[in-house]
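Written out below as structure tokens is the structure these notes cover.
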Amino acid sequence: MPSAAFHAERRSALSAMLDQPVLLMGNGRQARNFPANPLPFRQDSSFLYFSGCALPDAALLIDGDQHTLFLPTPGPGDALWHGPTPSLAALADRYGIQTAPAEELEPSIAALARRPWSLAVSDPRRTALARRLTGQLLEYGPLNGPERLIEAVISLRLTLQEEEVAEMRATGAVTARAHRAAMAATRPGRHERQIAALFDGVLAAHGLGTAYHSIVTVRGEILHNEGYDNILEEGQLLLLDGGAEAASGYATDVTRTWPVSGRFDGRQRAAYDAVLAAQLAAIDRCRAGVRYRDVHLAAGAVLTRFLVDEGLLRGDVDGLVERGAHALFFPHGIGHLLALDVHDMEIFGDRAGYGAGRRRSSQFGLSYLRLDRDLQPGMVVTVEPGFYVVPAILADNDLLTRFQGDLDLERALTWTGFGGIRIEDDVHVTAGDPDVLTAGIPKDPAEIEALVGTGELRLDG
Ligand SMILES: [Mn+2]
């Protein structure tokens, strides 16, 4: 877990970049349907990054080398309902920072020579407080604070320190156990819900939650399928996109796809091999100085070779990739930044994913690319190509007209019901070779076939 010294150093780095006090708001508890029934609490990621504090209703004021964590004073019934609250002195010790009661935040800001800059957070009540205390126009979304503050936060969070990478590697190892258990427990007649519960349960048995709602589906062509409504049938592929979140907030994000029966059929194996080859080629490109869009296009070229070989597309590979024809079967981007947020810093819109002078393409497929920076040592990115047979795409008149010469629609329709394959790993960019943080999770087809169906629905995975 990143240490108190790490957070202190990050605060000093932020302070050195700005001639300006900064107020960072932590989130509060948000009601699920009424206040006493709150949603599971998640701290704001920038707040975590600069404080390490995951307590609700906290605030952090950075004024030069004066850093203070303001914490709520427990109410009269709190000890009864929520247990004892550690003293401010004990919390100062835990977080390695001076602490003060929340009541002192407003007078402390009033005493500053300049009003601090702040950022909106996902909790509207806390954003409203930041707005009132700073007089800024803060609105949760891509424009949620002063440009210079957002840019400074992005530049610090963009490349990870060793302690952060170690945390993600450890979380990746737990994620590996959950993926293996899910593969082993898969067999025809079981339910998506059972596999999803097992996956989340193995993480919980290791003391961790999920970083996002796990996708567990035989309808892999529905990219962010949320439901668990299907019984697993012989001949289907099961796609599982899930990852653990560390207690410190760092995420893993891993997808594997395997045959329910434990054996890929001919088409499944051909498509699987192509997605895997695309993924390996893309991972190999995750090196310092490489433009991330080129990682995406490298995977696209490998997939396009397969699409042409299968007769789904026709023409030369380079031309097809340039026109984006492969997006008919690989409609999303190759991946995104990963750290404290699963799509790291997407709270700032495209600012984190697209550096100065770069914008999203308007081309079908490329328009869903969430990241297009030049890779730097210390960045962690996902690499997640896929192959999907999406009925909505094969019935989209605009797309069918645009790619009329490229697509063999009749042949494509014979693949209806195939579903989808995605293979995703988390890659740490270094000064040398790419460092795959989630390498312990089977993706070799023979290894997967040997594992599927060999286990029970047990939480000791
Ligand atoms: Mn992902």
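Residues take their numbers from the sequence shown, with the count starting at 1. One-based numbering, in listed order, for ligands and for the atoms of each. The shown structure was predicted, so the numbers you read here are calculated from the model rather than taken from an experiment.
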Exercise. Output every pair passing side-chain hydrogen bond (donor to acceptor under 3.5 Å, both in side chains) with a member in residues 138-148, not counting sequence neighbours, ordered by first then second residue.
Key: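 Of all non-adjacent pairs touching residues 138-148, those that pass side-chain hydrogen bond (donor to acceptor under 3.5 Å, both in side chains) are E147-R351.
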Self-check item: Listed once per pair and sorted, the side-chain hydrogen bond (donor to acceptor under 3.5 Å, both in side chains) pairs that draw on residues 394-409, sequence neighbours left out
Solution: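 Found R323-D406.
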Quiz prompt | R32 CZ: over 12 foreign heavy atoms closer than 6.0 Å | solution =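 No - once you tally the heavy atoms of other residues, nucleotides and ligands closer than 6.0 Å, there are 12 at most.
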Practice problem: Evaluate the ring planes of F387 and F329, with Trp represented by its six-membered ring, and classify them as parallel (under 30°), tilted (30 to 60°) or perpendicular (over 60°). | Solution: parallel
Self-check item: Sequence-distant partners of R293, side chain to side chain contact (heavy atoms under 4.5 Å, CB included), two or more places apart
Solution: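 R293 satisfies side chain to side chain contact (heavy atoms under 4.5 Å, CB included) with R291, L297, L366, L369, D372 only.
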Practice problem: Look only at the side chain of D344 and the backbone of D341, and say whether a donor-acceptor pair between them is shorter than 3.5 Å. | Solution: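 Confirmed, D344 side chain pairs with D341 backbone.
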Quiz item: Which residues and atoms, protein N, O or S only, are under 2.8 Å from the Mn ion (ligand 1)?
Solution: D253 OD2, H336 NE2, E384 OE2, E424 OE2
